[in-house]
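Report on the following structure.
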Amino acid sequence: MGVGVSIFFLTLGAILYFAIEPDVFGTSVHMDRVGLIFMIVGGVGVLLSIFMGSRRGQTSEERLARREINPPDL
């Protein structure tokens, strides 16, 4: 899940939590709880995207540094 999808979940969750009445679909579905779950999923997605994106950049730099130090034998 990328940053864009995570922000979408955060936005959708905030709309469901703050802008819609909790019992709009009756007593079986509480839209405020659904919105809270979407906001949690979106927040975790943003954090994981940032964390995994920073790790991905480090590995490619390490590979490039190893190639420059030890060139292949021809």
Side-chain angles (χ1 to χ4, degrees):
M1 179 165 41
V3 176
V5 176
S6 300
I7 292 173
F8 173 75
F9 275 121
L10 277 170
T11 306
L12 181 64
I15 290 170
L16 292 175
Y17 188 77
F18 295 113
I20 296 179
E21 293 293 325
D23 57 353
V24 72
F25 292 113
T27 58
S28 61
V29 178
H30 296 280
M31 295 310 288
D32 56 343
R33 293 182 186 170
V34 174
L36 184 63
I37 291 170
F38 278 172
M39 286 192 292
I40 291 170
V41 168
V44 169
V46 167
L47 293 176
L48 284 176
S49 297
I50 291 171
F51 177 71
M52 296 303 280
S54 65
R55 288 189 63 201
R56 190 177 321 159
Q58 291 174 355
T59 57
S60 61
E61 290 175 5
E62 290 174 6
R63 288 181 190 166
L64 180 62
R66 276 190 238 147
R67 285 184 186 169
E68 290 178 356
I69 293 172
N70 300 322
D73 295 329
L74 296 176

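Note that the coordinates shown come from a computational prediction; the quantities given were computed from them, not determined experimentally.
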According to a hydrophobic-cluster definition based on side-chain heavy atoms being under 4.5 Å apart (Ile, Leu, Val, Met, Phe, Trp, Tyr only), do F38 and L47 belong together?
no

I need the I7 CD1 to L12 CG distance, nearest 0.5 Å.
13.5 Å

What distance do L10 atom CG and I15 atom CD1 have between them, rounded to the nearest 0.5 Å?
11.0 Å

Distance-minimising heavy-atom pair for [X] and [Y]:
X	Y	result
G35	L16	CA-CB, 3.7 Å
M31	E21	CB-O, 4.2 Å
G45	S6	C-OG, 3.2 Å

